[in-house]
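See structure below.
Order of the sequence lines sets the chain letters (A, B, ...), proteins ahead of strands, with each chain counted from 1. For the numbers below, each heavy atom of this structure counts, side chains included, while hydrogens, waters and symmetry mates do not.
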There are 2 protein chains.
Amino acid sequence: MSKHPTTWNNQMIKRMNKEMVLNQVMESAPLSRADIVQQLGLNKGTVSSLVNELIEEDLIHESGTGESSGGRRPVMLLFNEHAGYAIGIDIGVNYILGVVTNLAGGIVHEKLKKTRDLSVHQLTSLVSATIRYLMEQVPPSKYGVIGIGIGVPGIVDTAGKVLIAPNLKWQDVDLKRILEKEFQCPIFIENEANAGAYGEKRFGAGRNSHSMIYVSIGIGIGSGVILNDELYRGSNGYSGENGHTTIIVDGKECTCGSRGCWEAYSSEFALLQSAEQHEHLAGASLEDLITLADAGNPAALELFQTLGTYIGIGIANLIKTYNPEQVIIGNRIRQAEHLIRNPVMEAVHSSSLPFQRAGLQINFSELSTYSAAAGVSAFAIEGFLKFSQRPLAGPGFPV
Amino acid sequence: MSKHPTTWNNQMIKRMNKEMVLNQVMESAPLSRADIVQQLGLNKGTVSSLVNELIEEDLIHESGTGESSGGRRPVMLLFNEHAGYAIGIDIGVNYILGVVTNLAGGIVHEKLKKTRDLSVHQLTSLVSATIRYLMEQVPPSKYGVIGIGIGVPGIVDTAGKVLIAPNLKWQDVDLKRILEKEFQCPIFIENEANAGAYGEKRFGAGRNSHSMIYVSIGIGIGSGVILNDELYRGSNGYSGENGHTTIIVDGKECTCGSRGCWEAYSSEFALLQSAEQHEHLAGASLEDLITLADAGNPAALELFQTLGTYIGIGIANLIKTYNPEQVIIGNRIRQAEHLIRNPVMEAVHSSSLPFQRAGLQINFSELSTYSAAAGVSAFAIEGFLKFSQRPLAGPGFPV
DNA sequence: AAAACTTTGTTTATTAAATGGACAAACTAA
DNA sequence: TTAGTTTGTCCATTTAATAAACAAAGTTTT
């Protein structure tokens, strides 16, 4: 554990430039060495040598020649997304979703298991079992499983410890340590909303945004924040406690003990609570209510209208706070997109000024149920590909 | 205007390392070359040569020997804060405050001028005149005036254009271009809350925080956000529109046209509006109300109690959103610190959970009326000292 | 007081990496 | 067929960090 800040030397330069070349290939493939020279402004010789090293490491490969633009035909380069695989696990309140992805985030295997009221021990055992199962499904490759990411519906500290996960009834569970004992590869633990945000940013609706808020609306509300292309976690990892900001002083009681929280009006829980007020809607699930509303039930339609309005008010607050390029609505509520889209948009419009929403996009999640699993997988991939964090010439790792 | 991203080479390394050495001297002076080696982890020879270059550039200087720790006595280094000077201008709603600061942010001259209902032309002329006056007061130095920063109570885009400043009745004023015509040094235009945030971060109560929210409460509310030691401006520079987040759906009407905004309950304007309800308080200014409350007037005391509570509720919302290390309350309301401190704290406590405010500090501005002026001055200084942005060996500029 | 050790700082040879230019290869256009 | 163009590699040059030797100026031990 060095206490020095990072200083700069030739090795650092090379790592950085190599990383930039690799990113360029991942983003713009197929492209030639000459294209990279033009796009990055690096010297021809430098690009040539870095590309050849990356080819040696099997991270990119040549794939025939491209079209001539009046001279020698270029050799096109592709990212080798099969050089290794990552495992992503999304621990939900009543399910575990596991995926195997290639280095481009493409899902090559998945495993869904419903759960119900499990103890910490039972649930972590099930997570382990899921990982073991998925490991067997991973195709043979140069680097094998390069990392495992876990998404948890709770607060996670920087050491990978789950401080509190109310809906799982977890407290102080050192998930990272538990899994590192069993599996010999890097483990990444993240909050579910942060994971979803990162998944959408890398592979989903947020691909083109530099700043984006992912609002995860399920039983509760959490949010993941991407600023300057990076996940912002807050000083203690507690950013995204947005669901508990006050939108009505002295308003409705919230599960957190406070009053008037956004979540108390805009979550699935809030919806079901309102449904209880109508005798013929009492006991209905989110899915039931969607079916009813689709069939034209006026009370159900009204519930979604109200829900959408409150969601929109909260989103307007987020916009005025972060001024993001994009807001993405995800998690379970996504199923009701067609019912809430309009009220959300209307509420955002009526509670913000034109300049405050200039250039803003509001979208629903593209990866649907895979946002979080794909997101944690992306963390593992990034940890592997980020040269600056990878051991220099460690066993099985490219230099 | 290069379209390439920044790649890395030896020149870049040197700039970065030199900048780190300079920062170390600024933060920890007096210190020796050996101390820098220890703190940064750079090689002795590297530090020696970089330090000597910085001495040649007059940015640091030697100052005798320090205490021996069992061997040769070290040569102590100091930052030469008199190598150049910056000018900072805070354009308020009814004043212009100008300061001359040295490179360490120390104020060496100031000029305050009250204004009243001026046209764009009159006000910009007055700003120019203030700058010309301050330029004459700048002591002789190697680099002279290295930049001018201007703080404006409105929205500023990245090109230095004031898009809208409601209280000045400004719209689309290209302040940067206007001033660049007259003054031949770098000009920095910033929003007033952003400037205040940066001022407190560099020289005031926020010196030790990596993430901090500066809440500027005057006639309205604006906020400046520091994340990872840097100012976060949002995708269009509109972050900090926080004053207009909804805290009571369908609540009191706000000047922005919307309803229930935080600002409608927590600003100086809100306070004066409430005072109008009491016949013997009507027409009182903020200063009058403070005097009355200090004299024990129960109605005035109650007004501040209510104001503080609403301020605290809004701050709790900020905390749950950004999870900062610190919140600093600044601008005119600072005068009422002794009256609102307790209600603010109580409201923050009662509307947040212990873990959400873990490690959080809430303070009032330390630089009082100078926050914004010192902040914009700091922008100018940083622009000068940041080697990566300075022209390589430009006229009068160190390499 | 002399010798041995320590800390500070400079100088020099070495090494790593980007750069610029020469060159070869492969193609187009005239 | 010839001249020009684009792509990619190779090599000499340059820059900057590093390691190690060295010098300077102190302290501690004998």
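Residue pairs that meet the ring pair (Phe, Tyr, Trp, His ring centres under 6.0 Å) test with at least one member in residues 25-62 of chain B, sequence neighbours left out, do not exist here.
For B:Tyr322, the ring-ring contact (aromatic ring centres under 6.0 Å, His included) partners two or more places apart in sequence, or in a different chain, are A:Tyr322. Contacts of A:Glu366 classified as side chain to side chain contact (heavy atoms under 4.5 Å, CB included), with partners at least two apart in sequence or in another chain: A:Glu200, A:Ala205, A:Arg207.
What separates CD1 of A:Ile55 from P of D:dG8 is a distance of 10 Å, to the nearest Å. For B:Glu62 and C:dT8, the CD to P distance is 15 Å, given to the nearest whole Å. Rounded to whole angstrom, the span from the CG atom of B:Leu40 across to the C1' atom of D:dA17 amounts to 14 Å.
Panel note: side chain B:Asn194, backbone B:Gly224; no donor-acceptor pair is recorded below 3.5 Å. A side-chain donor-acceptor contact under 3.5 Å links B:Glu325 to the backbone of B:His210.
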Criterion side chain to side chain donor-acceptor pair (under 3.5 Å) on B:Asp35 and B:Ser32, from CA distance to verdict: CA-CA 5 Å; B:Asp35 292 331; B:Ser32 66; 3.1 Å; yes
Distances for protein N or O near nucleotides 27-30 of chain C N or O, under 3.5 Å:
none

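Contact annotation for A:Val75: backbone-only contact, meaning every heavy-atom pair under 4.0 Å involves sugar-phosphate atoms and none involves a base. Within the 4.0 angstrom heavy-atom criterion, no nucleotide atom of any strand lies near B:Val37.
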Sequence-aligned protein contact record of nucleotides 11-21 of chain C, with B where the base is within under 4.0 Å of a protein heavy atom and S where only the sugar-phosphate is: B----BSSBB-
Return all side-chain donor-acceptor pairs below 3.5 angstrom for residues 75-84 of chain A, not counting sequence neighbours, or 'none' if the list is empty.
residue : atom : partner : partner atom : Å
A:Asn80 : OD1  : A:His82 : N            : 3.2
A:Asn80 : ND2  : A:Asp58 : O            : 2.8
A:His82 : ND1  : A:Tyr85 : OH           : 3.3

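The number of heavy-atom neighbours closer than 6.0 Å to CG of B:Asn228, taken from other residues, nucleotides and ligands shown, is 12 or below.
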